[in-house]
Structure formats: C-alpha cells, structure tokens
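Notes follow once the structure below has been shown.
Residue numbering restarts at 1 for every chain, and letters A, B, ... go by the order of the sequence lines. Predicted, not measured: the structure shown is a model, and the values here were computed from it.
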Amino acid sequence: MGNEDHSHFSGGLTLTENDHGSEQSALSESTGNEQSTVKLRVFRYKNLPKDDTSAPSTSFDTFQVPISNGTTLLDALIYVKEKLDPTLTFRYSCRMGICGSCGVNANGKEKLACKTQVKDLGENIEVRPLNNLSLIRDLTVDFKPFIEKNVKVKPYLVRNDVDVDGGFNREFRQTPDELNQYLMFANCLMCGLCYSACPTNATDELYLGPQALARAYRYIADSRDGGQLERIEIVDQEHAAWSCHFAGSCSDVCPKGVDPAFAIQQLKALALRKQGLLKRKKPSPLVERPRESVNPV
Amino acid sequence: MDAAGKEVLKVLTEILERKNNAGVYRGWLKFWNRNWERWLYAMHRITGVGVGIYLVAHIWETSYSATAFLDVSNGGSPVVWTNLMSFLSNEFFHTGLLLVALASVFHALNGVRLIFAEQGLMIGKVKPPTFPMIPSSLKGGQRYFGIAIVIISFILLVYAFYQLFIIGLGW
Amino acid sequence: MRQSRLMLLQYLTGLGILALGSLHFALLSFAGGGYSNAIQFASVLSVYTTFGVLFELFLVFLTWHIFYGFRRVLCELHQGRRYESTVTWAMVIIGGATFLWGTRTILIFLGVLH
C-alpha cells in the first residue's frame with residue numbers, strides 16, 4: 001500500500017471531524033469544497049460476437065466529470081455512467097473497500113476505485129482495466145484464471161487426521177499468537193490488484209500470482225492446518241513461488257495491507273531450507289466441547 | 001524452414017498480441033511509477049541479460065589469447081592478442097566495459113540482497129493487521145540494502161573509470 | 001526436479017561467481033598492476049597458468065548461472081510445453097558450446113591441448 005493511501009484515509013478522518021465541529025469550520029470546509037472538473041480518460045473495449053472476425057476495437061473516451069472533496073474514482077465512474085454514457089461498463093458492489101470488485105488501473109497504478117480520491121490523481125486521469133486478465137468489456141475483466149489459480153493451492157484447512165465432513169461440530173484450538181501468524185493474509189479481498197501489478201504475471205500466464213501464493217502461505221502458517229506438505233509441493237514448481245523475483249509491487253498496491261511479497265519469500269524459505277519445520281508441524285488439536293449453536297447433532 | 005519460421009512467427013505474434021497482458025514493456029521494464037523494489041527488479045533483469053551476453057562474447061574474445069599462446073609456443077609472437085587488444089582499446093569499447101562493470105557489480109550485490117530476501121531475511125516480521133498497514137517486506141532492511149547497492153555500484157564505477165580510461169587509455 | 005533445488009544451484013553459482021569474479025576484477029586492476037598492464041600477453045599467460053583450475057570453476061559457475069537465468073527469462077516470456085523444451089535444449093546447446101570453447105582456452109594454456 002502506497003503512502004498516498006494513508007493520506008486519503010487520514011484526510012477522510014479530518015473531514016469527518018470538521019463536519020462534527022463548529023459551524024465556522026463547517027463553513028470553511030464548504031468553501032474549500034468548491035466543485036472543479038477533471039478529465040477522465042477511460043479505456044473502452046467492446047467484445048464482438050463470435051462470428052465477427054474483425055479485430056475487437058479498443059479506444060479511449062474522455063469525459064469531463066465535476067468533483068468535490070471526497071469524490072472517489074468510483075463516484076466519478078458512476079457519474080459518467082448515469083449522466084454521460086450509460087454504456088460504460090465496470091464492476092462495483094460495496095463502495096467501501098470491502099468487496100474488492102472495483103479494481104482499476106488509474107494513471108498506471110492499480111487502485112480500488114472506491115478507495116481512491118479523485119483529487120489525489122490530478123486533473124487528467126487515465127483509467128484502464130486491470131492488466132493480465134482478459135477483457136470482457138470496458139473496465140471489466142475476466143477473473144476466471146485468477147480464481148482457478150486460487151483453487152489450485154487448496155485454500156481451505158486440510159486435515160488428514162480428523163474427518164471434517166458431514167456433521168462435524170468441533171473447533172480447532174488456536175491461540176491469539178497463532179492467529180496473528182496468518183491474520184494479515186486472511187484479509188485478502190481477491191480484488192486482483194496484485195495480479196495486475198505483478199511483472200511476472202505480465203508475461204507468464206501459468207504463474208500462480210501473488211494472491212494464490214499468499215493464500216497458500218496463509219494456510220501453511222495456520223496452526224489448524226495439516227496440508228503444508230501438499231501445498232509446498234504445489235508452490236515449489238516452475239511458474240509458482242520461484243517465478244517471483246521480489247519486485248514487491250503486489251504489496252505496494254494491496255488496498256488491505258496484505259503483504260504477498262512477504263508471504264512468497266516465506267514460501268521460498270520453507271521450500272528451500274525449512275523443510276524440517278514443515279515436516280514437524282502438527283495441526284492443532286480439537287476443542288473437546290462440541291460447537292452447540294452452529295451444528296447441533 | 002517454413003514450419004520453424006511459422007512457429008517463431010506464431011510465438012512472436014502471441015507475445016505481441018497477448019490480450020490485455022501488461023507484456024514486456026509495461027510489465028518488466030516500466031518501473032518509474034512503481035515502488036523501489038520494482039526498480040531493482042527491472043535493473044536486475046536488464047543487467048543480468050546484458051552481462052550474460054557480454055560474458056559469452058568475452059569467452060569468445062579471450063579464446064584469441066589461446067591462439068596467441070599457440071603461436072608463441074611455435075616460436076612466433078602473440079600478435080593476434082596484441083592486435084585484438086589494440087583494436088578494443090578505444091573510447092567506444094571502454095565505455096561498454098564501464099557499463100559492464102557497473103552492471104555486474106549491481107547484479108552481484110543485488111543478487112545477494114535477493115538471496116537474503118527470498119530466504120525470509122531482511123524483510124521484516126509478520127504482524128497483526130493494524131493501521132497504518134504498511135507492508136513489512138517493503139520497509140525492511142532489504143530496502144536500505146538496495147539503496148546501499150546502488151551507491152556502492154557507482155563508487156566502484158568511479159574506480160572502473162580510473163582503471164579503464166585513465167590507466168587504460170591514458171587520458 | 002523441484003524448483004528449489006535448481007534455485008539453490010543458482011544461488012551457489014551466483015555466490016561462487018561473486019567470489020571468483022572479485023578475484024578476476026582484482027587481477028585486472030590493482031593486483032595486475034593496472035588495466036593496461038593486465039591485458040599484456042605476459043600477464044594473461046601468468047594469470048592462466050597460475051589460476052587455470054579456478055578459471056575452469058569460474059567458467060562452470062558462469063555458464064550454469066547465465067544460461068539457467070536466460071532460460072528463466074525466456075520461459076517467463078512465453079509458455080507452452082513445446083516452447084519450453086525448445087528453450088531448454090537451445091540453452092543446453094549454446095551453453096555447452098560456450099563452456100567447451102572456454103575450456104579449450106584454459107586447456108591450451110595448461111598445455112593439455114596443442
């Protein structure tokens with residue numbers, strides 16, 4: 001996460017404080033809130049029907065969008081769709097950085113549109129879809145390969161010692177310290193920004209990508225998991241952990257402070273010199289009392 | 001020939017026309033709007049390929065000293081080697097050598113940094129996700145090591161300049 | 001082979017090149033009496049006859065490190081089973097030829113080849 005992201009956040013906080021402050025400060029806030037316009041240069045792509053063999057058209061459309069303090073890039077895109085061009089296509093859902101659907105490439109850097117203040121991007125903003133995933137239309141990309149790669153690393157608890165199927169109603173023990181070993185990586189939204197920023201993904205279509213590898217580490221570092229050897233087998237191959245060359249852009253663009261670069265380097269260390277640690281790891285034991293409220297047998 | 005040519009053409013067009021992938025230029029080489037480690041990544045790749053190609057040429061170049069050695073042991077003089085060296089002793093080739101020296105020092109030291117980082121050292125420790133969530137891998141010791149590498153490379157560049165231009169070319 | 005074994009080789013050859021390459025640079029500059037002295041045929045001869053075996057080791061490390069590196073870069077450029085095996089074989093052949101040509105130079109200096 002870049003430094004500018006923090007300034008958005010702190011800027012937002014100051015604004016809220018001012019809103020609740022005296023009328024004088026609210027007034028000065030509104031004078032600073034004068035509307036201005038930005039030029040939004042948006043990438044357009046139209047998918048052609050299957051029988052049409054002509055090359056699909058890509059272009060850029062420029063829109064003048066009025067903004068004020070607090071206008072996010074997503075607000076600007078919604079403004080374009082509502083007022084200027086209803087055919088503009090982009091994904092979004094929660095508008096507050098939780099769902100991870102509105103990832104775009106703004107001025108060459110991946111951002112969640114809903115978490116990005118337009119004022120921080122300057123007056124001319126170029127909005128492109130995320131890289132490295134095939135286009136569907138305009139700013140919408142196809143996440144299928146991304147999801148498939150996530151599934152490849154077994155993103156679930158693997159327990160070979162207990163039967164967790166069916167009416168399983170027990171919990172596994174975990175201390176807060178053990179939780180902190182992976183909690184950061186569990187914050188991943190799967191928004192695809194890291195996948196788009198990664199230079200290896202830019203040319204290597206088989207590379208698992210920062211998200212899937214960080215997910216693999218998240219489960220390996222989980223004290224309740226027993227599938228570490230299977231997972232390390234998957235990531236210790238070509239087009240996996242070792243195709244990462246520590247460019248760090250994944251961690252740089254992550255909107256949730258997940259550190260995929262850290263996770264991938266840990267995977268390499270585990271694969272190369274900490275094999276013993278993996279072999280010795282015992283998944284944590286069951287809590288004796290059954291979970292009553294969730295799954296009464 | 002035709003089949004091989006078509007295959008090469010197919011590979012090239014696929015590389016060039018890959019749909020929406022950032023590709024070599026925007027993915028590998030365009031680092032200036034990115035983080036510091038991305039800069040080092042691009043440089044490591046460029047210097048690696050550059051020095052690699054140079055060293056293959058260098059092995060071919062130094063094989064002329066063996067020819068000269070054979071001449072000397074047959075009672076001749078090492079004229080092949082002397083001619084080659086005087087052909088290569090000019091500003092153009094020495095500027096190339098200067099770049100090779102810079103690139104190889106950078107590639108070597110950055111390689112050491114990568115070995116450390118890839119083994120989980122100098123990239124900080126895992127911490128609970130608390131605000132502000134600055135990734136530990138991008139503010140660990142490796143970042144300062146990276147800065148030090150660039151400084152050391154340029155200091156040694158000055159020494160290489162002294163050897164190649166002041167001693168080598170007699171400036 | 002597991003990728004980590006190959007990368008371990010890449011690490012070790014890299015460190016070997018760092019050590020032997022530093023020696024090589026030293027011989028070309030302050031230890032060789034300056035660059036213009038170091039490229040004289042007499043200096044080259046003495047370096048090869050003194051460090052011949054180390055040079056061979058240097059060559060082994062270099063060819064592995066360079067051509068495995070090239071292979072990684074090329075395999076990240078494009079994917080496909082046929083492409084990757086072509087790249088691997090091309091690297092083996094070009095790398096092998098480079099290694100043999102460098103070895104020839106060293107063996108001639110050591111008096112093994114005439």
Side-chain angles (χ1 to χ4, degrees), chain A residues 1-3 5-6 9-10 45 56 58 107-109 129-135 141 176 179-187 196-203 205 221 242 244-254 256-266 268-270 272-274, chain B residues 11 14-46 48 107 110-111 113-140 142-143 145-146:
Chain A
M1 190 157 67
N3 288 330
D5 286 279
H6 313 142
F9 208 142
S10 53
Y45 170 81
T58 63
N107 286 350
K109 208 158 178 179
L130 293 181
N131 297 324
N132 311 339
L133 292 161
S134 57
L135 297 164
V141 289
L179 174 71
N180 280 337
Q181 290 301 310
Y182 71 85
L183 187 57
M184 172 168 79
F185 306 106
N187 272 356
S196 167
C198 176
T200 306
N201 275 128
T203 50
E205 307 211 321
W242 295 97
C244 164
H245 305 290
F246 194 52
S249 293
C250 46
S251 302
D252 185 44
V253 298
C254 182
K256 298 306 267 185
V258 181
D259 199 346
F262 177 89
I264 302 169
Q265 310 326 310
Q266 298 299 326
K268 292 179 193 169
L270 285 169
L272 188 61
R273 69 184 170 97
K274 294 184 184 168
Chain B
V11 168
E14 271 181 40
I15 288 169
L16 291 173
E17 288 182 1
R18 194 173 297 153
K19 209 190 269 180
N20 198 35
N21 271 42
V24 174
Y25 169 63
R26 280 197 297 132
W28 292 8
L29 302 177
K30 195 180 167 194
F31 53 78
W32 42 90
N33 61 345
R34 298 278 187 186
N35 52 318
W36 169 238
E37 288 75 13
R38 180 69 167 259
W39 197 95
L40 295 176
Y41 159 84
M43 283 300 145
H44 195 73
R45 188 147 282 209
I46 294 166
H107 191 87
N110 195 46
R113 169 183 155 271
L114 281 177
I115 292 177
F116 277 117
E118 291 189 349
Q119 289 310 306
L121 309 165
M122 301 175 86
I123 55 169
K125 281 203 168 74
V126 68
K127 55 181 177 14
T130 46
F131 188 82
M133 295 180 278
I134 303 167
S136 63
S137 65
L138 300 188
K139 57 167 193 167
Q142 59 82 18
R143 177 159 272 201
F145 193 6

Legend entry - Qualifying residues under ring pair (Phe, Tyr, Trp, His ring centres under 6.0 Å), relative to A/F185, sequence neighbours excluded: A/Y217

Legend entry - Closest contact, heavy atoms only, B/M133 versus A/K256: SD-O, 3.5 Å

Inset, instruction - Tell me, for B/K30 versus chain A, whether the close heavy atoms (under 4.5 Å) come from the side chain, the backbone, both or neither. - result: neither

Inset, instruction - Counting only heavy atoms closer than 4.5 Å, note whether B/L121 contacts chain A via side chain, backbone, both or neither. - result: side chain

Inset, instruction - Heavy atoms only: give me the nearest B/L138-A/G248 pair and the separation to one decimal. - result: CD1-O, 3.7 Å

Legend entry - Contact origin within A/Q266 toward chain B - heavy atom pairs under 4.5 Å: side chain

Legend entry - Donor-acceptor contact below 3.5 Å, side chain B/N21 vs main chain A/A202: yes

Inset, instruction - Under 4.5 Å, counting heavy-atom pairs only, tell me which of B/A117, B/G124, B/G120 racks up the most with chain A. - result: B/A117

Inset, instruction - Start with the C-alpha distance between B/K127 and A/N180, add both sets of side-chain angles, then the distance that settles side chain to side chain contact (heavy atoms under 4.5 Å, CB included), and finish with yes or no. - result: CA-CA 7 Å; B/K127 55 181 177 14; A/N180 280 337; over 6 Å; no

Legend entry - Donor-acceptor contact present, side-chain A/N132 to main-chain B/A22, <3.5 Å: yes

Legend entry - chain B contact via A/L270 - which portion, at a heavy-atom distance below 4.5 Å: neither

Inset, instruction - Look at the side chain of A/D259 and the backbone N and O of B/S136, then say whether any donor-acceptor pair between them is shorter than 3.5 Å. - result: yes

Inset, instruction - Would you check if A/N107 and B/N33 make a side-chain contact, meaning some heavy-atom pair closer than 4.5 Å? - result: no

Inset, instruction - Evaluate the side-chain proximity of B/R38 to A/D252: yes if any heavy-atom separation is below 4.5 Å, no if none is. - result: no

Inset, instruction - Verify whether one side chain among A/S249 and B/N35 offers a donor that lies under 3.5 Å from an acceptor in the other. - result: yes

Inset, instruction - Measure the shortest side-chain to side-chain distance between A/F246 and B/R113 over non-hydrogen atoms and say whether it is less than 4.5 angstrom. - result: yes

Legend entry - A/M184 vs B/V126 side-chain heavy atoms within contact, under 4.5 Å: yes

Legend entry - Value rounded to 0.5 Å, distance of CD in B/Q119 from NZ in A/K274: 8.0 Å

Inset, instruction - Measure distances from A/A221 to the heavy atoms of chain B and classify the residue's part below 4.5 Å as side chain, backbone, both or neither. - result: neither

Inset, instruction - Would you check if B/R45 and A/H245 make a side-chain contact, meaning some heavy-atom pair closer than 4.5 Å? - result: yes

Inset, instruction - Select, from A/P260, A/A197, A/P176, the one with the greatest count of heavy-atom pairs under 4.5 Å involving chain B. - result: A/A197

Legend entry - When A/C198, A/C244, A/P199, A/A261 are compared by non-hydrogen pairs under 4.5 Å with chain B, the top option: A/P199

Legend entry - Closest non-hydrogen atom pair between B/E37 and A/A247, with its separation: CB-O, 3.2 Å

Legend entry - Within-4.5 Å side-chain heavy-atom neighbours: B/S137 and A/Q265: no

Inset, instruction - Flag the pair A/I264 / B/E118 as yes when at least one side-chain heavy-atom distance between them is below 4.5 Å, and no otherwise. - result: no

Legend entry - Trace of the side-chain hydrogen bond (donor to acceptor under 3.5 Å, both in side chains) decision for A/S134 with B/N20: CA-CA 6 Å; A/S134 57; B/N20 198 35; over 6 Å; no

Legend entry - B/F31, CZ: over 12 other non-hydrogen atoms inside 6.0 angstrom: yes

Legend entry - Where A/F262 and B/I123 come nearest, the two heavy atoms and their spacing: CD1-O, 3.5 Å

